[in-house]
J.: 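I'd like to ask you about the structure that follows.
Please read all numbers here as calculations on a predicted model, not as lab measurements.
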Amino acid sequence: MDMIANLQTDITPDGPDYDIVRRVIELITEDYRDQPSLEAIAARLNQSPTQLQKTFTRWAGLSPKGFLQAVTLDHAKRLLRKEDMPLLETSIEVGLSGPSRLHDLFVTHEAMSPGEWKAKGGGLTIRYGFHICPFGMALIMVTDRGLAGLAFSDSGDERACLEDMTCRWPNACYVEDLQATLPYAARIFEPGRWSSEQPLRVVLIGTDFQVRVWQSLLKIPFGKAVTYSDIANDIGRPTAQRAVGAAVGANPISFVVPCHRALGKNGALTGYHWGLTRKRAMLGWESAQA
């Protein structure tokens, strides 16, 4: 009986900060079509823009503008794919001034245009090639914007590896082009060619949540490892460890976006899309290079 009574108790946090964040979320969710500015939101809540920005970011893990963009993007995706609405009408419906702003929103958060996203890769040309690397065969996939995919297989399993990756963007045009992918192979697997002054261009194609997780992975120092809980905390979603694990597993640019450095609770290796043996090899290789 005591346990039931406790569960029925309202555990919603108290305090002015929580109330402010709740009201911002409600305001943006209801009025996203108006694309309210930070100043407009702050004025409605009788807050200073600077303080509101700090409070919301501390609680939510992203700025009010970032949350507005995420809400706008989710609605735009629904209109484009589920309702098959044209780009111009979608832009207007979600409160943007035109297709150019919708394009910028998708490129920023999805690394592809809204038309490309709607087409599930249709109209997108992805060049690919298999290359020998320290971890078996590496499948490298590139677009005009940079590295879009990196996967691994054992010799003889290349077809299955390619099918695994192409199903992520089923309508894209795939062209085998070793000349296009060879420079990426050299940059990726030769530490002497790594340079912060000339960073490797990568294209993160995923949902906004997935991209945030992958960006967190990119922060993990070479030769180190973190837990899923660490990543969840880093992106401001401490209770989303299961979703973080799913996003880590869906990472399309393995090794470069170092999902192999993500560990389970208490440092357990847990699974790896391309095999636990390969994950151990990568961690060992990096330890030797560090």
J.: Can you spot which of His273, Lys279, Glu286 makes a side-chain hydrogen bond (donor to acceptor under 3.5 Å, both in side chains) with His260?
T.: Glu286
J.: Okay, side chain of Arg278, backbone of Phe135: is any donor-acceptor separation there less than 3.5 Å?
T.: yes
J.: Do Ile92 and Leu102 sit in one hydrophobic cluster, given that two such residues count as connected whenever their side-chain heavy atoms are within less than 4.5 Å of each other, even indirectly?
T.: no
J.: If we only count heavy atoms from C-beta on, is the Leu80 to Phe106 side-chain gap below 4.5 Å?
T.: yes
J.: Using the rule that two of Ile, Leu, Val, Met, Phe, Trp, Tyr join whenever any of their side-chain heavy atoms come within less than 4.5 Å, decide whether Tyr228 and Leu218 are in one cluster.
T.: yes
J.: Can you find a heavy atom in the side chain of Leu269 that is under 4.5 Å from one in the side chain of Leu263?
T.: yes
J.: Between Leu150 and Trp285, is there shared hydrophobic-cluster membership here, with clusters defined by ILVMFWY side-chain heavy atoms closer than 4.5 Å?
T.: yes
J.: Apply side-chain contact (heavy atoms from CB on, under 4.5 Å) to Ile253 and Asn251, showing your working.
T.: CA-CA 6 Å; Ile253 312 180; Asn251 170 30; 4.1 Å; yes
J.: Shortest non-hydrogen contact from Pro170 to Cys167?
T.: CD-O, 3.5 Å
J.: I need the Leu27 CG to Tyr32 OH distance, nearest 0.5 Å.
T.: 13.5 Å
J.: Looking only at heavy atoms, what is the nearest atom pair of Ala42 and Ser48, with distance?
T.: CB-C, 4.0 Å
J.: Assess the residue pair Asp31 and Arg44 against the criterion (side-chain contact (heavy atoms from CB on, under 4.5 Å)); give the C-alpha distance rounded to whole Å, side-chain angles, the decisive distance to 0.1 Å, and a yes or no.
T.: CA-CA 12 Å; Asp31 299 340; Arg44 290 181 61 175; 3.0 Å; yes
J.: Are the side chains of Phe56 and Ile20 in touch, meaning some heavy atoms are under 4.5 Å apart?
T.: no
J.: Begin from the C-alpha positions of Leu147 and Arg187 and carry the test side-chain contact (heavy atoms from CB on, under 4.5 Å) through to its verdict.
T.: CA-CA 11 Å; Leu147 179 69; Arg187 284 286 305 276; over 6 Å; no
J.: May I ask you to decide if Ile220's main-chain N or O and Arg261's side chain share a donor-acceptor pair within less than 3.5 Å?
T.: yes
J.: Taking the side chain as every heavy atom from C-beta outward, state whether Met141 and Trp169 have any pair of such atoms under 4.5 Å apart.
T.: yes
J.: Supply the atom-to-atom distance Ile126 CD1 to Asp144 CG, rounded to the nearest 0.5 angstrom.
T.: 10.5 Å
J.: Rounded to the nearest 0.5 Å, what's the gap from CG on Leu204 to CH2 on Trp214? Could you check?
T.: 6.5 Å
J.: Could you go through Tyr128 and Glu176, starting from their C-alpha distance and side-chain angles, then the distance that decides it, and tell me whether this counts as side-chain contact (heavy atoms from CB on, under 4.5 Å)?
T.: CA-CA 5 Å; Tyr128 71 91; Glu176 186 172 12; 3.6 Å; yes
J.: If you look at every heavy atom in Ile231 and Ala262, which pair is closest and at what distance?
T.: CD1-CB, 4.0 Å
J.: Should Leu178 and Leu139 be regarded as members of a common hydrophobic cluster, given that ILVMFWY residues are connected when their side-chain heavy atoms come within less than 4.5 Å of each other, either directly or indirectly?
T.: no
J.: Once you round to the nearest 0.5 Å, how far does CZ of Arg101 lie from NE2 of His103?
T.: 14.0 Å
J.: Does the side chain of Arg145 reach to within under 4.5 Å of the side chain of Arg201, using non-hydrogen atoms?
T.: yes
J.: Would you say the side chain of Lys65 lies within less than 4.5 Å of the side chain of Leu38, judging by non-hydrogen atoms?
T.: no
J.: Side chains of Thr55 and Val24: does their closest heavy-atom pair fall under 4.5 Å?
T.: no
J.: Checking Glu93 now: which residues fulfil salt bridge (Lys or Arg N to Asp or Glu O under 4.0 Å) with it, not counting sequence neighbours?
T.: Arg33
J.: Of Trp274, Phe222, Tyr272, Phe189, which is the lone residue that meets ring pair (Phe, Tyr, Trp, His ring centres under 6.0 Å) with Phe255?
T.: Phe189
J.: Using a 4.5 Å cut-off on heavy atoms from C-beta on, say whether the side chain of Arg237 contacts that of Val244.
T.: no
J.: Answer yes or no: is there an ion pair linking Arg22 with Asp19, defined by an N-O contact shorter than 4.0 Å?
T.: yes
J.: Looking at Thr227, is its backbone amide N or carbonyl O close enough to the side chain of Asp230 to form a donor-acceptor pair, meaning the two atoms are under 3.5 Å apart?
T.: yes
J.: For Arg212, is there an ion pair with Asp234 - N to carboxylate O distance below 4.0 angstrom?
T.: no
J.: If you count the non-hydrogen atoms of other residues, nucleotides and ligands that lie under 6.0 Å from CD in Gln179, is the total more than 12?
T.: no
J.: Treating Ile, Leu, Val, Met, Phe, Trp and Tyr as nodes and any side-chain heavy-atom pair under 4.5 angstrom as an edge, say whether Val248 and Leu276 lie in one connected cluster.
T.: no
J.: About how many Å separate NZ of Lys224 and OG of Ser287, when rounded to the nearest 0.5 Å?
T.: 8.5 Å
J.: Testing the basics here: between Thr72 and Gln35, what is the closest heavy-atom pair and its distance to 0.1 Å?
T.: OG1-NE2, 3.0 Å
J.: Work out which heavy atom in Ser216 is nearest to a heavy atom in Ile235; give both atom names and the distance.
T.: CB-CG2, 3.9 Å
J.: If I compare all heavy atoms of Pro258 with all of Leu217, which pair ends up nearest, and what's the gap?
T.: CG-O, 3.2 Å
